[in-house]
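Every chain is numbered from 1, with letters handed out A, B, ... down the list of sequences.
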Amino acid sequence: MVINELKQKIKDYAGGLAGIKSNLNNLTVEEPKNEKFGDLSTNAAMVLAPILNKNPFEIASKIEKELISGWDQIKDVNIVKPGFVNFNLKDGFIKENLKNIIEYKEKFGSNRSGEGVRVQLEYVSSNPTGNLHVGHGRWGALGDSLANIYAANGYEVFREYYVNDYGTQADKFSDCAKCIYLGHSGRITSYPENGYPEESVSLAVDRLISEHNGRFIVEKSGIKEVETGPFKKEIIRMMVSYICETLELMGVRYDRWFYESWLYENSNLEKLITDLKNKDMVYEKDGALWFKVSRYADDKDRVVIRKDGSPSYFASDILYLMDKIKRGYDKLVYVLGADHHGYVDRLKSIGKAMGLAEDRLEIIIGQMVKIVDRGKTLKMSRRKGKLYPLRDLIEEVGKDAVRYFFSMNSFDTPMDFDVSLAKQKSNQNPVYYVQYAHARIESILEKIKESGPGDIESGSCSLDKIDTSKIEFKSRSERQLAKIMILYPDIIYNSCRSNAPYLVTQYLYRLATGFHYFYNNFRVVNDDGDRAAVDEDRFVLILLVRQVLRNALKLLGVSAPQKM
RNA sequence: GCGCCAGUAGCUCAGCUGGAUAGAGCAACGGAUUUCUAAUCCGUGGGUCGGGGGUUCAAAUCCCUCCUGGCGUACCA
């Protein structure tokens, strides 16, 4: 990492001046907004000024003299107005860093900051009582990309989907499905009141019929009935398989599908209750058993066992979290929609009650997706349906556009998803812009292969045997392209630290811009003479760009096409 | 009512551990192609950073207050 390493050096130095106790968290090393200020810039002097009670300009020149001017990575330093220290990197340093792309290839950009840490991510976990809608796509994309990013930072990653197959909602779903299922076998019954939308229930029923036909029908004194227990289990399995397929269509996969009902096996609940009673964490009131969560973070206590003796969903929350802890993950990440933000305190309370260190539990609350179609907002409603199904979107827009689109914003931003716009396959969708850069490179390489000039050894477009230190930057834009590439590892590190896949997306756009500009202004293959001549410096450069594009696209689950 | 999130260009969004002229994309307008894919490139216009107050050498960024929108506030899951 270029920036993060320089930053550490500066921070160490600043720490020496200011004393270790000083807060230097807002010390930054970053690319200045305006590139005329140089490659990189630090505000160190201005951060130190109040601590040392000195003029920032004075400190800046001290930093320049004592620290930065001695670095062999730096070509020149200059100090500007309030006390910015701006500097340029040596070309040689950039070239040296380019070597890493060749050395690490598809691993370029990765780091080991998370080595030895087992992190579990749970995302989507939509109830298996209906199909996924467009909003769920955001959590799928976010969760999967985050998982990839954590892995690229050296973490050991586990991806999990929690299936709510236990409790009254699952029963209700099963009842709805039963009605439709019986209808297929000729017996008409009335559809449950306030049942789930028939279209989405039918998805599971159709699947069940095609797999098992009428296997769950039993005749009782001439009347067709359904074996409720096995039917429920199977119909939910069908819905889950549909959900799983939908997510796979957008490249979202899991290591484990965890069923809520598992939590109630082996009398786990009884053990939990005894345990909670022994620890004095519960009390009885109005015939129900309450958990004293209000003593931790939640605003009020929650029911664990209802007065009818059945466990509440909160009981599942506890059991599930305990199960995760028991499985030995060092860090638990929940990706939840804003409609679940009431969970945060509840989950944190459980964590605290279970003695889980606060930093081991990370809850990401993503803001909602507002679905807009031709200027009209489609109202989101969890129970009532009439939402835009995720599957339709993937089929209409394509996996790549869906993944890219959902990775463009910070999860903190409520998002408007214009379905009609997304359906248009036009340059309005920036994914094509980025993919086009890759396809253009492929196209150049194809041309080189075809013309088979003698000056590229073996003609194969491989990264091996390239010495980047011999590259010459013939223009500003070539150097700029190289500089963007060597900053990639910093992006991967930062995107992990702030759970922000969109930083990768923004980076990709920037790299693609750099390439497109380069492409429009310079040629890699010149065939105006008798035979094609390949510019080797540029040939190397585009090979490197291709590699970095691929690496970043892969993290987002977007393909890198050969042709477009 | 209380809680969480948000309000930045016509639209969709970055920037918000305070810093250098508030940035991108799309849309609008004007250019570039006998040359490796024009799904590209270059240029122009476009802003009371929701309103008001405060802290500071410096505020889109921090504090207070008000307005607007989304979500939540179950012995549903």
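If you check every strand for non-hydrogen atoms under 4.0 Å, Tyr162(A) touches nothing. In this structure, Tyr517(A) reaches the sugar-phosphate backbone alone: every heavy-atom distance under 4.0 Å involves primed, P, OP1 or OP2 atoms, never a base. Residue Lys563(A) is classed as a base contact, given a heavy-atom separation below 4.0 Å to a base. Here Ala288(A) lies in heavy-atom contact (under 4.0 Å) with a base. Across all strands, Glu260(A) comes closer than 4.0 Å only to sugar-phosphate atoms, never to a base (heavy-atom distances). Counting non-hydrogen atoms under 4.0 angstrom, Ala439(A) reaches a base of the nucleic acid. Residue contacts shown for Asn86(A) include a base, since a base heavy atom lies under 4.0 Å away. Using a 4.0 Å heavy-atom distance criterion, Pro414(A) is classed as a sugar-phosphate-only contact. Residue contacts for Asn43(A): at a heavy-atom cut-off of 4.0 Å it reaches no nucleic acid atom on any strand shown.
Taking a 6.0 Å sphere around CD of Glu358(A), one finds it holds 12 or fewer heavy atoms contributed by other residues, nucleotides or ligands.
Taking the centre and axis of the six-membered ring of Tyr162(A), the NZ or CZ atom of Lys324(A) falls outside the cone set by 45° and 6.0 Å.
At rC76(B), none of the side-chain N or O atoms of Thr168(A) fall inside 4.0 Å of OP1 or OP2 (strictly under the cut-off). The phosphate of rA39(B) (OP1 or OP2) has a side-chain N or O of Tyr436(A) nearer than 4.0 angstrom. Taking only side-chain nitrogens and oxygens, Lys370(A) never comes nearer than 4.0 Å to OP1 or OP2 of rC71(B). Between Arg440(A) and rA38(B), a side-chain N or O to OP1/OP2 separation shorter than 4.0 Å is present.
If you measure from atom CZ of Arg302(A) to atom C1' of rC76(B), you get 13 Å, rounded to the nearest angstrom. Distance, Asp416(A) CG to rC71(B) P: 13 Å, rounded to whole Å. Across the protein-nucleic acid pair, Met368(A) atom CE and rC71(B) atom C1' stand 7 Å apart, rounded to whole Å. Rounding to whole angstrom units, CE of residue Met415(A) and C1' of rG69(B) are separated by 18 Å. Residue His340(A) contributes atom NE2, which lies 17 Å from atom C1' of rG3(B) at whole-angstrom precision. Atom NE2 of His341(A) is separated from atom P of rG70(B) by 14 Å (rounded to the nearest Å). Distance, Ile365(A) CD1 to rG3(B) C1': 13 Å, rounded to whole Å. For His136(A) and rA77(B), the NE2 to C1' distance is 12 Å, given to the nearest whole Å.
Side chains of Glu260(A) and Ser316(A): a donor on one and an acceptor on the other come within 3.5 Å. No hydrogens or angles considered: nothing links the side chains of Gln435(A) and Tyr404(A) as a donor-acceptor pair under 3.5 Å. Ser145(A) and Arg403(A) are linked by a side-chain donor-acceptor pair at a separation below 3.5 angstrom, with hydrogens and angles left out of the test. Under the 3.5 Å distance criterion, with hydrogens and angles disregarded, a donor-acceptor pair is assigned to the side chains of Tyr283(A) and Asp301(A). Looking only at atom types and distance, the side chain of His438(A) has a donor-acceptor partner in the side chain of Arg550(A) under 3.5 Å away. Side-chain contact, Glu122(A) with Ser125(A): a donor N or O sits under 3.5 Å from an acceptor N or O. Asp12(A) and Gln8(A) share a side-chain donor-acceptor pair at under 3.5 Å. Side-chain N/O atoms of Gln480(A) and Ser477(A) include no donor and acceptor closer than 3.5 Å. Looking only at atom types and distance, the side chain of Ser310(A) has a donor-acceptor partner in the side chain of Asp308(A) under 3.5 Å away. A donor-acceptor contact under 3.5 angstrom links the side chains of Glu160(A) and Tyr320(A), judged on distance only.
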Using side chain to side chain donor-acceptor pair (under 3.5 Å), reason through Asn43(A) and Glu30(A) one step at a time and then give a plain yes or no. CA-CA 9 Å; Asn43(A) 65 352; Glu30(A) 57 194 4; over 6 Å; no
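For the P atom pair drawn from rG10(B) and rC67(B), the interatomic distance equals 26 Å after rounding to whole Å. Using C1' as the reference atom, rG1(B) and rU61(B) are 30 Å apart when rounded to the nearest Å. If you take atom C1' in rC16(B) and the same atom in rC63(B), they sit 14 Å apart, rounded to whole Å. Nucleotides rG52(B) and rA60(B) are separated by 16 Å at their C1' atoms, to the nearest Å. When the C1' atom is compared between rA59(B) and rA20(B), the two are found 14 Å apart, to the nearest whole Å. Distance noted for atom C1' between rU21(B) and rG47(B): 14 Å (whole Å). To the nearest whole angstrom, the two C1' atoms, one in rC29(B) and one in rU65(B), are 43 Å apart. As rounded to the nearest Å, rA22(B) and rC13(B) have C1' atoms that lie 14 Å from one another.
Taking the six-membered ring for Trp and the full ring otherwise, Tyr161(A) and Trp257(A) have centroids separated by under 6.0 Å.
Of the residues in residues 495-505 of chain A, Tyr502(A) come within less than 4.0 Å of RNA chain B through at least one heavy atom, sorted by number. For RNA chain B, the residues of residues 31-42 of chain A within the heavy-atom distance limit of 4.0 Å (strictly under) are Pro32(A), Lys33(A), Asn34(A), Lys36(A), Phe37(A), Ser41(A), sorted by number. Near-neighbour residues of RNA chain B inside residues 343-352 of chain A, defined by a heavy atom below 4.0 Å, number-ordered: Tyr343(A), Arg346(A).
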Considering only distance and modelled atom types, tabulate donor-acceptor pairs under 3.5 Å from the side chains of residues 510-517 of chain A, sequence neighbours left out.
from, atom 1, to, atom 2, distance (Å)
Arg510(A), NH1, Glu31(A), OE2, 2.8
Arg510(A), NH2, Glu31(A), OE1, 2.8
Thr513(A), OG1, Tyr433(A), OH, 3.0
Thr513(A), OG1, Tyr509(A), O, 2.8
His516(A), ND1, Arg440(A), NH1, 3.0
His516(A), NE2, Tyr433(A), O, 3.0

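Contact annotation: side chain of Asp317(A) to base of rA77(B), donor-acceptor pair absent below 3.5 Å.
Taking only side-chain atoms of Asp339(A), from C-beta outward, the nucleotide of rG70(B), rG72(B), rA38(B) with the closest atom is rG72(B). Closest contact between the side chain of Tyr509(A) and the listed nucleotides rG19(B), rC75(B), rA24(B) involves rA24(B). Checked against rC75(B), rC36(B), rA39(B), the side chain of Val524(A) finds its nearest nucleotide in rC36(B).
In secondary-structure terms, RNA chain B builds stems of at least 3 consecutive Watson-Crick or G-U pairs, each pair having both distances under 3.5 Å, at B:1-7 with B:67-73, B:10-13 with B:23-26, B:28-32 with B:40-44, B:50-54 with B:62-66.
Panel note: side chain Arg306(A), backbone Ser312(A); no donor-acceptor pair is recorded below 3.5 Å.
In this pair, Tyr433(A) does not lay its aromatic ring on the base of rA39(B); centres under 5.5 Å and planes under 30 degrees do not both hold.
Every side-chain contact (heavy atoms from CB on, under 4.5 Å) that Ala552(A) has, sequence neighbours left out, goes to Tyr488(A), Val504(A), Leu508(A).
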